[in-house]
Participant: 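First the structure, which I've put down as structure tokens, then a few questions once you've had a look.
Hydrogens, waters and symmetry mates play no part in the numbers below; they use all other heavy atoms, side chains included.
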Amino acid sequence: MLAVLYRDRVQSPRLFRVASEVQMSQQQPKVGFVSLGCPKNLVDSERILTQLRSEGYTISPDYDGADIVVVNTCGFIDSAVQESLDAIGEAVKENGKVIVTGCLGVKESQIREAHPSVLKVTGPHAYEEVMTAVHQYLPPQHDPYVDLMPPQGLKLTPRHYAYLKISEGCNHRCTFCIIPSMRGDLVSRPIGSVMNEAENLVKAGVRELLVISQDTSAYGVDLKYKLDFWNGRPLKTRMFELCEALGELGVWVRLHYVYPYPHVDDIIPLMAQGKILPYLDIPFQHASPEVLKRMKRPAHSENTLARIKKWREACPSLVLRSSFIVGFPGETEADFQMLLDWLKEAQLDRVGCFKYSPVEGAKANELPDPVPEEIKEERWQRFMAVQQEISATRLQLRIGQRMQVLIDDIDLEAGVAIARSMADAPEIDGNVFIEGDGAAALKIGDFATVTIVDADEYDLYAEL
């Protein structure tokens with residue numbers, strides 16, 4: 001099976017829905033598409049698919065029906081590299097005509113060593129190169145009277161939510177990360193362009209916009225906050241102005257990948273006023289100043305705790321999600337204990353934790369004192385035990401509350417609606433399971449008001 005495959009995030013039924021929505025004439029050239037990796041890669045895939053569809057190509061749901069296959073790869077960590085190589089190999093075996101793009105594309109020699117028969121390899125967000133390669137090996141048959149595209153383009157997410165990418169690249173040089181070498185330095189989109197896309201998505205039925213980038217807080221820095229226009233209105237290309245404008249569209253607006261720069265404080269009142277969701281996804285990574293220095297991250301964990309307290313005072317409903325790395329080279333037991341103590345004090349709502357693993361090309365590979373694998377595993381287990389207790393406690397506090405949720409799916413057989421609250425980003429956070437009378441009659445993409453009746457470590461259970 002191929003379809004428009006977004007591994008680990010998209011379920012098969014959704015893939016077939018996407019494929020069936022975009023299929024046209026049997027005479028049109030057919031392109032298979034495999035999309036791997038993070039939401040930023042997903043947005044790149046949506047852009048390529050939109051261009052393909054606008055030029056008269058049909059998106060094939062399987063290898064056999066495709067005249068050519070495009071694989072959009074991830075190359076951030078070793079497991080992602082292997083998954084990408086495996087996906088390329090599967091496409092080569094099942095179809096034979098394969099174009100490779102995405103983050104792993106910067107390592108063309110590695111791809112060609114494993115799969116020498118691929119037709120073309122490009123790097124990330126190389127839309128024109130991908131289209132040129134498709135044209136070369138599969139010329140389009142474009143009929144402008146038949147091949148009409150909606151202004152919002154093709155989406156790989158459900159109709160009711162969409163990722164809104166506001167910039168590309170990153171100016172940070174974290175020692176564990178190779179994203180800048182793959183995607184380059186920060187390049188922000190003008191705010192008028194972002195807002196026009198957001199407005200078109202909302203007009204097309206999107207109820208939630210998920211703002212993504214490599215560094216959302218740095219939005220507009222490279223443009224020196226240049227003035228742009230949206231609906232004739234002047235706006236600075238800057239994070240605050242963007243959040244304020246998005247808050248006028250009448251949908252949920254969720255911020256991801258927010259570095260805790262000082263100006264993030266200015267966004268909290270917008271959350272308290274209900275203009276954007278009271279949700280911050282901040283990659284803290286660690287709490288020990290020494291580890292943060294080796295990571296080349298801001299080493300101010302004590303200031304961060306004070307700011308979290310201040311944010312919650314200004315917006316009591318604020319939900320904080322973050323990710324951490326344990327077992328980073330040179331991490332001592334004292335460093336790790338500092339992280340656990342910080343975690344207990346911070347009381348974050350949603351947390352992901354990863355055991356450090358070397359990434360080809362990362363500066364961290366050169367650091368001394370690697371942590372043995374068994375110690376990494378032991379620390380990861382201890383970290384997760386602490387966070388599960390925190391998460392379970394915080395979710396128990398929601399029992400008895402009434403809240404608005406967004407319906408993502410309906411299990412008709414069980415009579416259960418699967419939803420998310422403002423505290424839950426799709427695919428990565430928890431769910432709200434709605435049971436009882438009327439639950440199965442809800443519709444995907446609708447908002448509903450529920451009462452929370454139970455909770456576990458990750459999910460909530462509710463009734464209408």
Participant: Whether the side chain of Asp228 engages the backbone of Gly192 through a donor-acceptor N/O pair (distance < 3.5 Å, no angle test) should be reported.
Facilitator: yes
Participant: Do Phe336 and Val326 have side chains that approach each other closer than 4.5 Å (heavy atoms only, starting at C-beta)?
Facilitator: yes
Participant: Is the number of heavy atoms from other residues, nucleotides or ligands under 6.0 Å of Glu374 CD greater than 12?
Facilitator: yes
Participant: Does this structure show an ion pair linking Arg379 with Glu333, if we count only N-O contacts that are shorter than 4.0 Å?
Facilitator: yes
Participant: Verify whether the ring centers belonging to Phe447 and Trp252 lie closer than 6.0 Å.
Facilitator: yes
Participant: Between CG of Asp185 and SG of Cys170, what distance do you get to the nearest 0.5 Å?
Facilitator: 8.5 Å
Participant: Looking at Asn431, is its backbone amide N or carbonyl O close enough to the side chain of Asp459 to form a donor-acceptor pair, meaning the two atoms are under 3.5 Å apart?
Facilitator: yes
Participant: Under 4.0 Å between a Lys/Arg side-chain N and an Asp/Glu carboxylate O for Arg420 and Asp409?
Facilitator: no
Participant: Just so I know, are the side chains of Ile166 and Ile212 near enough to count as touching, which here means a heavy-atom distance under 4.5 Å?
Facilitator: no
Participant: Give a yes or no answer on whether the side chain of Glu208 reaches the backbone of Ala425 with a donor-acceptor pair at less than 3.5 Å.
Facilitator: no
Participant: Looking only at non-hydrogen atoms, find the nearest pair between Cys243 and Leu270 and report the distance.
Facilitator: CB-CD1, 3.8 Å
Participant: Has Asp222 got a side-chain atom pairing as donor or acceptor with Ser188's backbone, closer than 3.5 angstrom?
Facilitator: yes
Participant: Evaluate the ring pair (Phe, Tyr, Trp, His ring centres under 6.0 Å) criterion for residues Tyr163 and His256: first the C-alpha distance (whole Å), next the side-chain angles of each, then the deciding distance (0.1 Å), finally the verdict.
Facilitator: CA-CA 10 Å; Tyr163 293 103; His256 288 280; 7.1 Å; no
Participant: Is there a side-chain contact between Thr73 and Val100 (heavy atoms, below 4.5 Å)?
Facilitator: yes
Participant: Out of curiosity, Gln214 CD to Leu186 CG, how far, rounded to the nearest 0.5 Å?
Facilitator: 9.0 Å
Participant: State whether Lys310 and Glu313 are salt-bridged, where the test is any N-O pair (Lys NZ or Arg NE/NH1/NH2 against Asp/Glu carboxylate O) under 4.0 Å.
Facilitator: no
Participant: Yes or no on side-chain contact (heavy atoms from CB on, under 4.5 Å) for Leu246 and Leu209, after CA distance, side-chain angles and deciding distance?
Facilitator: CA-CA 9 Å; Leu246 289 172; Leu209 294 168; 4.2 Å; yes
Participant: State, with a plain yes or no, whether a side-chain heavy atom of Asp408 is found less than 4.5 Å away from one of Ile444.
Facilitator: no
Participant: Between Tyr279 and Asp429, is any side-chain donor less than 3.5 angstrom from a side-chain acceptor?
Facilitator: yes
Participant: Do Glu331 and Tyr356 pass the side chain to side chain donor-acceptor pair (under 3.5 Å) test, and can you show the C-alpha distance, the side-chain angles, and the key distance before you say yes or no?
Facilitator: CA-CA 10 Å; Glu331 181 190 63; Tyr356 172 77; over 6 Å; no
Participant: Check whether any side-chain N or O of Asp446 sits under 3.5 Å from a backbone N or O of Leu406 as a donor-acceptor pair, and report yes or no.
Facilitator: no
Participant: Has the side chain of Thr451 got a donor or acceptor atom that lies under 3.5 Å from a matching backbone atom of Arg402?
Facilitator: no
Participant: Which heavy atom of Phe324 sits nearest to which heavy atom of His286, and what is that distance?
Facilitator: CD2-N, 3.7 Å
Participant: For the atom pair CG (Asp349) and OG (Ser322), what is the distance rounded to the nearest 0.5 Å?
Facilitator: 11.5 Å
Participant: Output yes when Asp44 and Lys165 qualify as a salt bridge under the 4.0 Å nitrogen-oxygen rule, no when they do not.
Facilitator: yes
Participant: Would you say Ser181 and Val106 make side-chain contact, with heavy atoms under 4.5 Å?
Facilitator: no
Participant: Has the side chain of Asp411 got a donor or acceptor atom that lies under 3.5 Å from a matching backbone atom of Glu413?
Facilitator: yes
Participant: So Met422 and Pro278, do their side chains get closer than 4.5 Å, heavy atoms only?
Facilitator: yes
Participant: Verify the neighbour count for atom NZ of Lys236: are there more than 12 heavy atoms of other residues, nucleotides or ligands below 6.0 Å?
Facilitator: no
Participant: Measuring from atom OG of Ser193 to atom CE of Met195, what distance do you get when rounded to the nearest 0.5 angstrom?
Facilitator: 11.0 Å
Participant: Is it the case that the ring center of Phe284 lies less than 6.0 angstrom away from the ring center of Trp342?
Facilitator: yes
Participant: Please report the closest heavy-atom contact between Ala87 and Val71, naming both atoms and the distance.
Facilitator: CB-CG1, 4.4 Å
Participant: Hey, does the Lys NZ or Arg CZ of Arg297 hover above the aromatic six-ring of Phe176, less than 6.0 Å from the centre and inside 45° of the axis?
Facilitator: no
Participant: Would Leu280 and Trp311 satisfy side-chain contact (heavy atoms from CB on, under 4.5 Å), going step by step from the backbone distance to the final call?
Facilitator: CA-CA 10 Å; Leu280 276 179; Trp311 293 341; 4.1 Å; yes
Participant: Taking atom types as modelled and ignoring hydrogens, do the side chains of Asp335 and Thr332 form a donor-acceptor contact shorter than 3.5 angstrom?
Facilitator: yes
Participant: Looking only at heavy atoms, what is the nearest atom pair of Glu83 and Leu36, with distance?
Facilitator: O-CD1, 4.2 Å
Participant: Would you find a donor on one side and an acceptor on the other, under 3.5 Å apart, between the side chain of Arg382 and the backbone of Leu340?
Facilitator: no
Participant: Would you say Gln401 has more than 12 foreign heavy atoms packed within less than 6.0 Å of its CD?
Facilitator: yes
Participant: Would you say the side-chain atoms of Ser84 pair up with the backbone N or O of Ala80, donor to acceptor, closer than 3.5 Å?
Facilitator: yes
Participant: Can you name the closest pair of heavy atoms from Ala417 and Ile410 and give their distance?
Facilitator: CB-CD1, 3.7 Å
Participant: Measure the spacing between OG1 of Thr216 and OH of Tyr259 and express it to the nearest 0.5 Å.
Facilitator: 9.5 Å
Participant: Are Val211 and Tyr219 packed together at the side-chain level, in the sense that at least one heavy-atom pair is separated by less than 4.5 angstrom?
Facilitator: no
Participant: Would Thr101 and Asn72 count as a side chain to side chain donor-acceptor pair (under 3.5 Å) if you check the C-alpha gap in whole Å, the side-chain angles of each, and the deciding distance to 0.1 Å?
Facilitator: CA-CA 5 Å; Thr101 188; Asn72 190 7; 4.7 Å; no
Participant: Between Leu104 and Leu85, is the side-chain contact (heavy atoms from CB on, under 4.5 Å) condition met? List the steps.
Facilitator: CA-CA 9 Å; Leu104 189 59; Leu85 291 173; 4.0 Å; yes
Participant: I'd like to know if Glu90 and Lys93 make a salt bridge, using a cut-off of under 4.0 Å between side-chain N and carboxylate O.
Facilitator: no
Participant: What's the separation between atom CZ in Phe383 and atom CD1 in Ile325, rounded to the nearest 0.5 Å?
Facilitator: 11.0 Å
Participant: Would you call Glu168-Arg189 a salt bridge at under 4.0 Å N-O?
Facilitator: no
Participant: Would the number of heavy atoms belonging to other residues, nucleotides or ligands and lying under 6.0 Å from CD of Glu389 be above 12?
Facilitator: no
Participant: With no hydrogens and no angle check, is any side-chain donor or acceptor of His115 less than 3.5 Å from a backbone partner on Ile88?
Facilitator: no
Participant: So, for Ile178 and Gly361, which heavy atoms are closest and what is the spacing to 0.1 Å?
Facilitator: CG2-C, 3.7 Å
Participant: Can a salt bridge be assigned to the pair Arg350 and Asp424 using a cut-off of 4.0 Å between side-chain N and carboxylate O?
Facilitator: yes
Participant: Leu201 versus Leu249: any side-chain heavy-atom pair under 4.5 Å?
Facilitator: no
Participant: Run Leu277 and Val253 through side-chain contact (heavy atoms from CB on, under 4.5 Å) and show every step you take.
Facilitator: CA-CA 6 Å; Leu277 291 181; Val253 177; 5.7 Å; no
